[in-house]
Amino acid sequence: ICFDGGTHWSKVNESGFGDPMQAVSWSMVVYDSKLYVATSCDAMADILPTYNDAQVWCYDGAAWTRVNTDGFGDPKNDVINAMGVFQDKLYAGVGDPSGSIGWQVWRYEGGTTWTKVYNADYGDDDIVTQPDSMVTYNGKFYVSVGNAITGSEIWCYDGKIGRAHV
């Protein structure tokens, strides 16, 4: 839904981006003068095996274009809870609410190409299911993740190292 600043709200997409299973839009971010929206099937993911996984859509002000493959190629990548921009690149925080694969960060390369830049494998110290938010601060990129075992965590990326806790 779009608000013009006065009193008018208008819907600017087809419901579910044409797929009624895409029931949730967790995150939106402006990147390269376009609006990017992350969608997922939410609770339906574990119930229906033929659903489409987490998706990213781009809006140029006139039309929507899909810019990733379902779940970035992994059917367990159910949700994209967070997106952010760091060093002129778009990033998506991807997770699996069941916790079976850990969490991931993907960087957008253009078209439908994404590169996985971080993967917290299930079973290591990073037992979290999905990133909750992303923000650039003081030249570094911060990702908050929920951890049901040890509590909320903040991770930091400076573009040079793989990962660091704050």
Side-chain angles (χ1 to χ4, degrees), residues 1-120 128-137 140-146 155 157 159:
I1 296 178
C2 177
F3 181 54
D4 68 4
T7 59
H8 186 258
W9 289 83
S10 59
K11 185 173 140 186
V12 295
N13 75 313
E14 180 181 358
S15 294
F17 294 88
D19 178 358
M21 297 305 297
Q22 290 297 312
V24 180
S25 298
W26 290 111
S27 182
M28 294 190 293
V29 67
V30 174
Y31 169 69
D32 197 24
S33 300
K34 297 178 179 122
L35 177 64
Y36 288 79
V37 177
T39 68
S40 76
C41 295
D42 196 28
M44 299 307 290
D46 296 326
I47 298 169
L48 300 173
T50 58
Y51 69 97
N52 291 323
D53 305 304
Q55 299 178 359
V56 180
W57 290 83
C58 173
Y59 185 59
D60 64 6
W64 291 95
T65 304
R66 173 93 176 274
V67 295
N68 77 318
T69 58
D70 283 346
F72 299 90
D74 187 336
K76 291 185 178 182
N77 283 337
D78 293 338
V79 297
I80 304 167
N81 275 22
M83 291 192 297
V85 177
F86 176 62
Q87 295 180 343
D88 297 320
K89 293 285 189 176
L90 174 63
Y91 290 82
V94 181
D96 167 22
S98 74
S100 67
I101 63 166
W103 60 281
Q104 302 168 354
V105 176
W106 290 78
R107 181 180 61 229
Y108 183 54
E109 307 295 350
T112 58
T113 304
W114 293 75
T115 301
K116 188 185 331 179
V117 296
Y118 181 71
N119 188 69
V128 293
T129 58
Q130 56 210 22
D132 297 318
S133 63
M134 299 176 148
V135 66
T136 298
Y137 172 69
K140 295 181 181 176
F141 193 51
Y142 292 83
V143 180
S144 70
V145 293
W155 290 74
Y157 176 63

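Along the sequence shown, residues carry numbers from 1. Note that this is a predicted model, so its numbers are computed, not measured.
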If every non-hydrogen atom of [X] is compared with every non-hydrogen atom of [Y], which pair is closest and at what distance?
{"X": "Val67", "Y": "Trp57", "value": "CG2-N, 4.4 Å"}
{"X": "Pro131", "Y": "Val94", "value": "CD-O, 3.5 Å"}
{"X": "Ile80", "Y": "Ala54", "value": "CG1-CB, 3.5 Å"}
{"X": "Ser133", "Y": "Ser144", "value": "OG-OG, 2.8 Å"}
{"X": "Leu90", "Y": "Met83", "value": "CD1-CB, 4.4 Å"}
{"X": "Asn81", "Y": "Ser27", "value": "O-CB, 3.6 Å"}

The side chain to side chain donor-acceptor pair (under 3.5 Å) partners of Ser33 (sequence neighbours excluded) come to none
Working to the nearest 0.5 Å, report the span between [atom1] of [X] and [atom2] of [Y].
{"X": "Asp19", "Y": "Glu14", "atom1": "CG", "atom2": "CD", "answer": "9.5 Å"}
{"X": "Lys34", "Y": "Asp60", "atom1": "NZ", "atom2": "CG", "answer": "6.5 Å"}
{"X": "Asn13", "Y": "Ser25", "atom1": "CG", "atom2": "OG", "answer": "7.0 Å"}

Any [X] side-chain heavy atom under 4.5 Å of [Y] side chain:
{"X": "Arg66", "Y": "Val56", "result": "no"}
{"X": "Val143", "Y": "Tyr91", "result": "no"}
{"X": "Val105", "Y": "Met134", "result": "yes"}
{"X": "Ser40", "Y": "Val24", "result": "yes"}

**Prompt:** Taking only residues two or more places apart in sequence or in another chain, which ones pass side chain to side chain contact (heavy atoms under 4.5 Å, CB included) with Thr136?
**Reply:**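 Per chain and number, Thr136 pairs via side chain to side chain contact (heavy atoms under 4.5 Å, CB included) with Phe86, Phe141.
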Worked verdict on Val37 versus Trp64 for side chain to side chain contact (heavy atoms under 4.5 Å, CB included): CA-CA 10 Å; Val37 177; Trp64 291 95; 3.6 Å; yes
For Lys89, is the NZ atom crowded, meaning more than 12 foreign heavy atoms sit under 6.0 Å from it?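 Yes - once you tally the heavy atoms of other residues, nucleotides and ligands closer than 6.0 Å, there are more than 12.
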Which of Trp103, Tyr157, Trp106 passes ring pair (Phe, Tyr, Trp, His ring centres under 6.0 Å) with Tyr118? Answer is Trp103
For Trp114, ring pair (Phe, Tyr, Trp, His ring centres under 6.0 Å) partners two or more places apart: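 Checked Trp114 against ring pair (Phe, Tyr, Trp, His ring centres under 6.0 Å); matches are Phe72, Tyr108.
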